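Take this structure, written in C-alpha cells, and hold onto it; I'll ask about it next.
Keep in mind that what you see is a predicted model, and the values were worked out from it rather than measured.
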Amino acid sequence: MRVAQFQIDAGSAVVLPAIEDLIADRLGQYAGGKPPDVSRLNQARVLFEMADRIDSAYPPI
C-alpha cells in the first residue's frame with residue numbers, strides 16, 4: 001500500500017515496498033514452505049532490525 005522512493009538523479013528513482021511489506025513477505029515465504037525455510041525467517045529478522053521504526057498498525061484494517 002505504501003512505497004519508499006529514493007531519487008537516484010534528476011531522471012531516475014528506485015521505488016521499494018514499505019519495510020512492513022518486505023517483512024510480511026519474508027514471513028509468508030517462511031510459513032508457506034514445506035518444510036519451512038529458516039533463511040526466510042532470518043531475513044525477516046534482519047529487516048526488522050534494520051528498520052528505523054515499524055508501524056504496528058500497518059496495514060490499516
Side-chain angles (χ1 to χ4, degrees):
M1 293 184 175
R2 293 186 297 195
V3 296
Q5 182 172 337
F6 302 93
Q7 198 69 34
I8 303 300
D9 58 32
S12 61
V14 175
V15 178
L16 299 173
I19 192 76
E20 294 87 354
D21 289 331
L22 294 172
I23 293 169
D25 176 73
R26 296 293 84 202
L27 291 174
Q29 291 293 317
Y30 165 72
K34 304 294 182 213
D37 183 349
V38 178
S39 72
R40 304 299 194 247
L41 179 60
N42 292 335
Q43 290 169 12
R45 287 180 176 144
V46 169
L47 287 166
F48 184 82
E49 291 170 5
M50 288 174 44
D52 291 332
R53 64 178 182 83
I54 298 291
D55 182 357
S56 60
Y58 177 79
I61 296 175

* To do: Report yes or no: do I54 and L16 belong to one cluster of Ile/Leu/Val/Met/Phe/Trp/Tyr joined by side chain heavy-atom distances under 4.5 Å?
  =>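 Different clusters: I54 never reaches L16 through Ile, Leu, Val, Met, Phe, Trp or Tyr contacts under 4.5 Å.
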
* Asked: D25: what forms a salt bridge (charged side-chain N to carboxylate O under 4.0 Å, His left out) with it, not counting sequence neighbours?
  ->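 Not a single residue meets the salt bridge (charged side-chain N to carboxylate O under 4.0 Å, His left out) criterion with D25.
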
* Quick one: side-chain contact (heavy atoms from CB on, under 4.5 Å) partners of A44, sequence neighbours excluded? ->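 Only I23, R26, L27 meet the side-chain contact (heavy atoms from CB on, under 4.5 Å) criterion with A44.
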
* Asked: Quick one: salt bridge (charged side-chain N to carboxylate O under 4.0 Å, His left out) pairs with a partner in residues 36-52, sequence neighbours left out?
  ->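 Qualifying pairs, neighbours excluded: D37-R40.
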
* Under the side-chain contact (heavy atoms from CB on, under 4.5 Å) rule, collect the residues that match up with P17, sequence neighbours excluded. =>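 Expected list: D21, L22.
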
* Does A31 have any side-chain contact (heavy atoms from CB on, under 4.5 Å) partners at least two apart in sequence or in another chain, and if so, which? ->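 None.
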
For a quick test of your reading: what N or O donor-acceptor pairs under 3.5 Å do the side chains of residues 4-14 make, sequence neighbours left out?
unit_1: Q7; atom_1: NE2; unit_2: D9; atom_2: O; d: 2.7
unit_1: Q7; atom_1: NE2; unit_2: S12; atom_2: O; d: 3.2
unit_1: D9; atom_1: OD1; unit_2: G11; atom_2: N; d: 2.9
unit_1: D9; atom_1: OD1; unit_2: S12; atom_2: N; d: 3.0
unit_1: D9; atom_1: OD1; unit_2: S12; atom_2: OG; d: 3.0

* Counting only N and O atoms by type, is there a donor-acceptor contact under 3.5 Å from the side chain of Y58 to the main-chain atoms of R2? ->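 Yes.
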
